[in-house]
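Below is one structure, written out as structure tokens, with a few remarks after it.
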Amino acid sequence: MSKYLDSRYSCIEPYVPGEQPKLEKFIKLNTNENPYPPSPEVLRAVQSEAGRVNRYSDPDARDLTLALAENFGVKPENCFAGNGSDEILAICFQALCPAGVAFPDLTYGFYPVYSRLYDVNTRVVPLMPDFRVRLEDYFGIGRTIVIANPNAPTGLALSRDEIERLLAENADNLVVIDEAYVDFGGQTVIPLTEKYDNLLVIGTFSKSRAMAGARLGYAVGHAELIGDLNRIKNSINPYNLNSMTMAAGVAALRDRAYFESHCSKVCKTRDEFIEYIRKLGFFCADSAANFVFVTHPSVDGKTLFDQLRERRILVRWWDNPRIRNYLRISIGTDEEMSAVCKALTEIVQPKN
Ligand code: PMP
């Protein structure tokens, strides 16, 4: 730390992303990426845009905003695009939590980091013992609510009706629903943005559209909320998205068939994997995401993590008392998941 750092930031503990190993020999199931490449249309769009990088990208992201609006059945003024959904979440914590924020104790690890970075008064609301959100805990909570739906790392989802109750019970507060994983079995609440001006839905191209490295996220909400996001974005980095990423986003939205078939593929692999590991004795709730959250009655989480790593399989484990015995395993290809099944069988049923 240099002597020039503002003391407000000296205690910040940055978010720790999942390991991104250089070596190709790992089966990488630790950051919920899509194991498949993006649509071939995405590659074509990036190539044709690359020759124009001498010019600044469009600060209004017009083509992308139009494509998002068409895709989600809303108006362009209801859509915003960010450099990953992380950027949009950061703006929410920075500017849209005037009375503080509330989020679950087990959720996306970036929420508490943004909270501290922007010095937001924070209420952490424990999930129920089965890791579900107890809706009533948030009724009339008097601050911005941020909920990942499906939640990470649990993969558990609230229904649209449940989120509608949350919106109705908090009419004067913003409710941010982070739908990073919604395309793998959740129910989007984008249609509710027409009825509720206190709803902001955030999503990403990183998971279901296989574009994590392109860094593209979106938000859908009331035009005034979108105006707020633009106000902050244009005060930090008007060219937040590069032109190739924007072109890639438009192409990905247009190739609906590719998107749908690959989401179904991941869901099928996930359901088969769950079935297998339950037979091995693992506990695993039904997941509405592209990962599963699992625990075994006799082998602890760290041992499972270490032993998988020894077999060159990377998953996610947290040194957090509440979930020390759990692993989060992203869903890879069928071949990758077969290798995980084989490894887990060896670990929990060792032959003497
Ligand atoms: N929300 C949740 C719940 C996530 O798990 C992630 C990524 N790990 C993000 C948002 C951020 O995604 P991105 O910045 O890649 O769009």
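The chain is numbered in sequence order, starting from 1. Just so you know, ligand 1 is whichever comes first in the structure, and atom 1 is the first atom listed for that ligand.
For Y196 and E164, the side-chain atoms include at least one donor-acceptor pair closer than 3.5 Å.
Counting only residues at least two apart or in different chains, ring pair (Phe, Tyr, Trp, His ring centres under 6.0 Å) contacts with residues 296-344 comprise F131-Y326, F282-H296, F293-Y326.
The protein residues lying under 4.0 angstrom from ligand 1, judged by non-hydrogen atoms, are G84, S85, D86, L89, Y108, D178, A180, Y181, T204, S206, K207, R215.
Under the salt bridge (charged side-chain N to carboxylate O under 4.0 Å, His left out) criterion, E87 pairs with no residue, sequence neighbours left out.
Aromatic pair F93/Y118: ring centres not closer than 6.0 Å.
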Salt bridge (Lys or Arg N to Asp or Glu O under 4.0 Å) assessment of R165 paired with D161: CA-CA 6 Å; R165 278 179 66 207; D161 287 347; over 6 Å; no
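Hydrophobic clustering, defined by side-chain heavy atoms of Ile, Leu, Val, Met, Phe, Trp and Tyr closer than 4.5 Å, leaves L43 isolated from every other such residue.
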